[in-house]
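Below is one structure, written out as structure tokens, with a few remarks after it.
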Amino acid sequence: MSQPSTNAEPITRVLVANRGEIARRVFHSCRERGIGTVAVYSTADAGAPFVAEADTAVHLPGTSAAETYLRGELIIAAALRAGANAIHPGYGFLSENGDFARSVQAAGLIWIGPSPEAIDAMGDKISAKLLVEAGGVPVLSELDPAAITEAQLPVLIKASAGGGGRGMRIVRALADLPAELETARTEAASAFGDGTVFCEPYLETGHHVEVQVMADTHGTVWAVGERECSIQRRHQKVVEEAPSPLVERTPGMRAKLFAAAVAAAKAVNYVGAGTVEFLADASGRFYFLETNTRLQVEHPVTECTTGLDLVALQLDVAAGAALAEQPPAPHGSSIEVRLYAEDPAAGWAPQTGTVQRFDFDGLAANFALPTRERGVRLDSAVEAGSTVSIHYDPMLAKLIAWAPTRVEAARSLARALSRARIHGVRTNRDLLVNILRHEAFLAGETDTAFLPTHGLEVLAAPVAGADEEKVAALAAALAAAALRRTQAPTLGLLPSGWRNLRSMPQQSTLVGPAGEHNVSYEMTRDGLMAEGFGGAAIVHLSAENVSLELEGLVRSWSVAHYTTAAGTVLEVDGDGGSITFTEVERFPDPSLAVAEGSLTAPMPGAVVNVHVAAGDQVTAGQPLLVLEAMKMLHTIGAPADGIVSELHVTVGQNVDVGMVLAVVEVQPE
């Protein structure tokens with residue numbers, strides 16, 4: 001393959017062919033370099049922060065990725081119209097599409113990435129394996145789906161054109177293979193515009209270790225450092241860190257990994273930032289997985305341990321600059337967690353809605369490099385007021401900590417995450433905090449089976465336990481009563497529940513993660529009398545802040561009040577964690593009740609398949625329909641044996657959480 005030519009043209013204005021957090025990240029480095037910025041945005045993203053941050057923004061009509069961010073010709077036209085002379089693809093979408101890179105260059109624009117030929121060679125995971133295997137790098141063999149036997153199970157189906165968990169399926173039974181292949185192809189086509197998939201042996205446990213490479217047009221290739229990204233859900237990374245605990249404790253492994261990664265890059269005359277990914281066993285033996293010909297989501301942990309601005313280096317290399325002979329030596333430790341709008345305890349169901357509040361105290365950086373020995377950085381796609389829709393990836397933000405030691409980084413990251421005020425959308429925050437505080441994680445015992453090994457029911461449990469939730473429910477009830485007093489048309493300054501003569505206790509029913517809380521209390525001359533709380537005293541009480549003295553300790557909470565379709569929501573943030581409560585209406589609307597046997601939508605999404613009709617006999621667990629939400633497919637099964645007495649949806653229809661999809665009438669035995 002020929003060496004790419006050196007580009008001497010300065011970059012003056014960059015269009016980012018992407019959205020959300022990565023668009024904001026690229027804009028940050030462009031501003032630091034004095035380079036102008038252009039955003040493209042879909043109709044669904046019109047109010048997103050990245051659009052407002054760009055110097056110029058161009059609307060791409062439509063909401064789906066296929067209509068907007070996967071339309072290369074529209075993006076190139078937007079760049080030319082906005083006066084950009086370079087395009088940065090970010091990650092996902094068209095970032096690993098060689099034809100798009102060619103079209104960018106054919107339009108006279110600078111492509112901030114590797115050559116189209118390198119993208120083609122490494123972007124097709126099937127040919128990439130053959131390429132690196134020829135160079136002596138160990139690989140997991142590709143399997144022909146038509147020839148897979150029971151002895152070869154389990155196998156992993158993977159999308160050839162992309163990553164991020166889309167188009168990936170584990171198959172443990174031959175009977176499931178045809179359906180899973182079809183689902184994987186559908187997901188891959190939706191996410192990357194290419195439904196090609198392949199199969200390989202699946203290792204139940206292992207370590208996902210990757211090497212960051214950076215190469216210039218002058219022949220220099222850096223192995224900047226390695227990252228471990230073993231803790232994953234649905235084959236998508238959840239926690240990433242640098243350096244890798246496995247590599248740190250395995251003599252000689254780092255040198256071998258770096259040599260393999262550099263060899264892979266040189267085999268295709270690679271230019272720019274890329275990541276060579278490996279699957280390793282506990283002894284340190286590793287196998288090539290793929291090369292991502294783009295910047296990775298987890299690149300900040302490498303930045304925090306090296307002091308390098310990888311996006312700035314991408315810009316410099318694309319403009320023809322030469323790298324130094326060697327990269328800086330890494331130091332310290334950095335850990336990143338991905339904050340997703342999803343409910344891990346409910347099958348990772350994606351969540352949508354309005355982000356009411358998104359506050360993190362004590363941040364040392366936003367998208368920026370460390371300026372001191374330790375700190376916490378936020379790379380976020382959203383802000384207060386942002387809307388989380390069904391159309392794109394559920395990642396809201398990345399929170400990154402760095403410190404001299406791994407344990408320090410984990411503890412500071414867990415604290416920052418647990419004390420953040422994140423309101424309006426359910427997230428995986430508690431799961432992340434529990435992982436970071438888990439003794440196995442702190443000991444560096446991380447592999448791809450971390451979640452099933454330690455139990456999702458434990459790891460996804462609320463950080464605030466049942467006792468903490470009970471106290472927080474009292475604080476929430478008091479704050480809600482205080483708010484009602486401030487809104488009262490008369491005598492609004494009187495304490496809530498005040499009477500000349502003793503009356504009935506005030507009652508409030510709140511539903512939290514642990515269930516229903518019936519709060520009963522009175523305001524007396526002697527102070528607060530709350531059922532189940534002997535010796536409780538109010539130190540401070542307002543609609544927004546509550547301080548109580550309990551058993552000689554003064555504890556404080558902040559309380560936020562929101563009105564939603566589900567009713568009044570109270571978000572309580574305190575030292576023990578964050579808890580969301582919903583007030584139970586004293587007089588519920590009977591029209592909102594659903595019939596027995598109703599199957600309601602667990603998430604918002606679009607109906608892509610309906611497998612049954614009204615009147616069909618079904619068995620428990622039988623697939624009834626399939627929803628697509630945030631580029632993943634979710635099968636809705638029958639709750640019990642019975643007959644589909646009602647079917648309320650059709651293919652192509654959008655549904656909201658709680659909408660009745662079908663009614664399954666259980667037949668008497």
Side-chain angles (χ1 to χ4, degrees), residues 64 145 153-159 164-191 195 197 199 202 232-236 340-352 390-394 426 428 451-452 456 460 594 597-614 616-666:
S64 71
L153 297 175
V155 298
L156 181 65
I157 304 170
K158 297 179 70 174
R166 274 75 173 184
M168 295 184 73
R169 285 289 189 277
I170 301 171
V171 179
R172 293 185 168 86
L174 280 181
D176 297 336
L177 185 59
E180 294 289 21
L181 280 167
E182 185 58 34
T183 299
R185 291 183 182 115
T186 300
E187 281 188 354
S190 175
V197 299
C199 297
Y202 178 67
Q232 303 178 9
R233 56 74 163 138
R234 289 182 168 177
H235 312 293
Q236 286 186 305
Y340 287 114
E342 66 184 10
D343 185 355
W348 310 100
Q351 307 291 302
T352 61
I390 66 170
H391 301 293
Y392 312 113
D393 187 275
R426 184 170 295 177
N428 65 335
L451 295 186
L456 190 59
V594 297
S598 294
L599 194 64
T600 58
M603 66 198 74
V607 180
V608 296
N609 258 317
V610 177
H611 299 301
V612 295
D616 285 358
Q617 184 85 35
V618 296
T619 58
Q622 178 180 334
L624 302 185
L625 53 92
V626 179
L627 296 180
E628 182 181 31
M630 296 177 175
K631 298 303 161 195
M632 299 293 282
L633 299 181
H634 307 267
T635 300
I636 309 299
D641 294 353
I643 292 176
V644 180
S645 59
E646 300 177 29
L647 186 64
H648 296 280
V649 294
T650 57
V651 172
Q653 181 177 345
N654 289 327
V655 299
D656 293 322
V657 174
M659 178 178 169
V660 177
L661 306 173
V663 177
V664 176
E665 184 178 325
V666 179

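Note that these values count all heavy atoms, side chains included, but never hydrogens, waters or copies made by symmetry.
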- Query: Asn428 side chain to Tyr340 main-chain N or O, any donor-acceptor pair under 3.5 Å?
  - Reply: yes
- Task: Compare every heavy atom of Ile157 with every heavy atom of Ala184, then report the nearest pair and how far apart it is.
- Result: CB-CG2, 3.7 Å
- Query: Is a donor on one side and an acceptor on the other found under 3.5 Å between the side chain of Gln351 and the backbone of Ala349?
  - Reply: yes
- What is the distance from atom CD of Glu646 to atom CG of Leu599, rounded to the nearest 0.5 Å? 12.0 Å
- Query: Which heavy atom of Leu456 sits nearest a heavy atom of Pro344, and at what distance?
  - Reply: CD2-O, 3.5 Å
- What one should report as the nearest heavy-atom pair of Val610 and Leu647 is CG1-CD2, 3.8 Å
- Message: Ignoring hydrogens, what is the shortest heavy-atom contact between Ala606 and Ile390? Give both atom names and the distance.
- Response: N-CD1, 4.4 Å
- Task: Measure the CD1-CG distance between Ile636 and Leu624 for me, rounded to the nearest 0.5 Å.
- Result: 8.5 Å
- Message: Does any part of the side chain of Val607, heavy atoms only, come nearer than 4.5 Å to the side chain of Leu627, both counted from C-beta?
- Response: yes
- Message: Can you tell me which residue among Arg233, Arg234, Gln232 is in a side-chain hydrogen bond (donor to acceptor under 3.5 Å, both in side chains) with Gln236?
- Response: Arg233
- Message: Is any side-chain heavy atom of Arg169 closer than 4.5 Å to one of Asp176?
- Response: no
- Between atom CD of Gln622 and atom OG1 of Thr635, what is the distance when rounded to the nearest 0.5 Å? 12.0 Å
- Note on the structure: Sorted by chain and residue number, the salt bridge (charged side-chain N to carboxylate O under 4.0 Å, His left out) partners of Asp343 (sequence neighbours excluded) come out as Arg426
- Counting heavy atoms not belonging to Asp656, are there more than 12 under 6.0 Å from its CG? no
- Evaluate the side-chain proximity of Val655 to His648: yes if any heavy-atom separation is below 4.5 Å, no if none is. no
- If you take all heavy atoms of Arg172 and Leu153, which pair is closest and at what distance? O-CD1, 3.4 Å
- Rounded to the nearest 0.5 Å, what separation is found between the CG atom of Leu156 and the NE2 atom of His235? 5.5 Å
- For residues Cys199 and Leu181, determine if any side-chain heavy atom of one lies less than 4.5 Å from a side-chain heavy atom of the other. yes
- Out of curiosity, Thr600 OG1 to Leu661 CG, how far, rounded to the nearest 0.5 Å? 7.0 Å
- Where Gln617 and Gly642 come nearest, the two heavy atoms and their spacing: NE2-O, 3.4 Å
